[in-house]
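Atoms within a ligand are numbered from 1 in the order they appear, just like the ligands themselves. Computed from a prediction, not measured in an experiment: that's the story for all the values here.
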Amino acid sequence: MRRYRVAIVGATGVVGQELLKILAERDFPIAKLTLLASARSKGKHVEFQGEALRVEEVSENSLAGHDIAFFAAGASVSREFAEGAIERGALVIDNSSAFRMDPEVPLVVPQVNPKDILRHKGIIANPNCTTTIMVMALKPIDDAASVKRAVVSTYQAVSGAGIKAMDALFRESKAYLAGEAVQPEVLPFASAPKHYQIAFNVIPQVDVFQDMMYSKEEWKTVHETTKIMGRAFGITATTVRVPVERSHSISLNLETERKLTREQALEILSKAPGIEVMDDPAEMLYPMPFFAQGTDLVQVGRVREDNSIPNGLNLWVVGDQLRKGAALNAVEIGEKALELGCLAR
Ligand SMILES: NC(=O)c1ccc[n+]([C@@H]2O[C@H](COP(=O)([O-])OP(=O)(O)OC[C@H]3O[C@@H](n4cnc5c(N)ncnc54)[C@H](OP(=O)(O)O)[C@@H]3O)[C@@H](O)[C@H]2O)c1
């Protein structure tokens, strides 16, 4: 079996670390693994399959000679180094937002639009974490009943904003419980003019505000969903950061062309790839971040007909945003590209 030379840019971050775990778990066919990050991490060692690998600083040279380069170091790093990696022969699978809405770049969730991989020109973009988790539940319902409108409300874990936001939740919680002053420095986003504590709080802002007073994260949900699904329908979103360590939760209200009962929706979802139905009100069984963290399946529950319209459904969708929302989806894109035989452009 052929093995491939793989690089991870951002190997020391939360997504990079998860990528390492998933590549090992799935026994991705690796011949050589290169770990790259900023100058801050140069010389650190990270374990992979029992071996301590040295982290190097990312540069055009360090990216030469790879078949696949997973980027997980933010949009500016992807913009600076992705093109060079492609010119040196790699397929770039990018976790950042840098190229997601570029019409030349496929934006892929392998269970939803795998064939889009075939038209890549060197880069395949991995969608925003909330969007990936949401479309996993949206797609089977759309196939069965054609979605007319989606109202999306998110409850996003701090790890979605990276290692510093995770540290902030623990640091702030300790200070708050000790009766000490809390000094928020990270959320809603690091470069914001002011910061709010996330410990014992929720923040209805994920990223900067843009058109119509929607946040960038809310627009990503709208535009990326349209691109992945390959057709436009009404989508509106409210994205909120909550004091959860890991796994995003989404309330998904759907209006469909054809009516689906709760039982029909449960049947459809139970057969959908990558979905685990957790829905037993009598047993108080429903998805929660604690159930989803560290798992690969997107969990769906609280399935109900919408009481306010003839053809409507409410779903509660939870997924580990570091796995299916980022690293797992990226590795699955890589696996699919190998299967389709379309690695380099
Ligand atoms: N967290 C999530 O749930 C999630 C989900 C989907 C997509 N993403 C996307 O994935 C990317 C990584 O996010 P993250 O949450 O893993 O962030 P993170 O925990 O803050 O890690 C960032 C990584 O990027 C590296 N990096 C930062 N600046 C760099 C530079 N100038 N040159 C080279 N490397 C640099 C860091 O290296 P050092 O350790 O050396 O600083 C670290 O390895 C982002 O684009 C993010 O939007 C994240």
One should read off an interatomic distance between Y4 OH and L91 CG, to the nearest 0.5 angstrom, of 11.5 Å
Ionic contact status for D320 with R246, cut-off 4.0 Å: yes
With distance as the sole criterion, is a donor-acceptor pair present between the side chains of Y214 and T236 under 3.5 Å?
yes
Distance-only donor-acceptor check, side chains Q210 and E218, under 3.5 Å:
no
_Do I68 and I93 make a side-chain contact, defined as non-hydrogen atoms from C-beta onward lying under 4.5 Å apart?_
yes
Under 4.0 Å from ligand 1, residues with heavy atoms, in chain and number order, are G10, A11, T12, G13, V14, V15, A37, S38, R40, S41, V58, A72, A73, G74, V77, N95, S96, C129, S159, G160, G162, I163, Q321, L322, G325, A326
_Any non-hydrogen side-chain atom of L313 less than 4.5 Å from a side-chain atom of N253?_
no
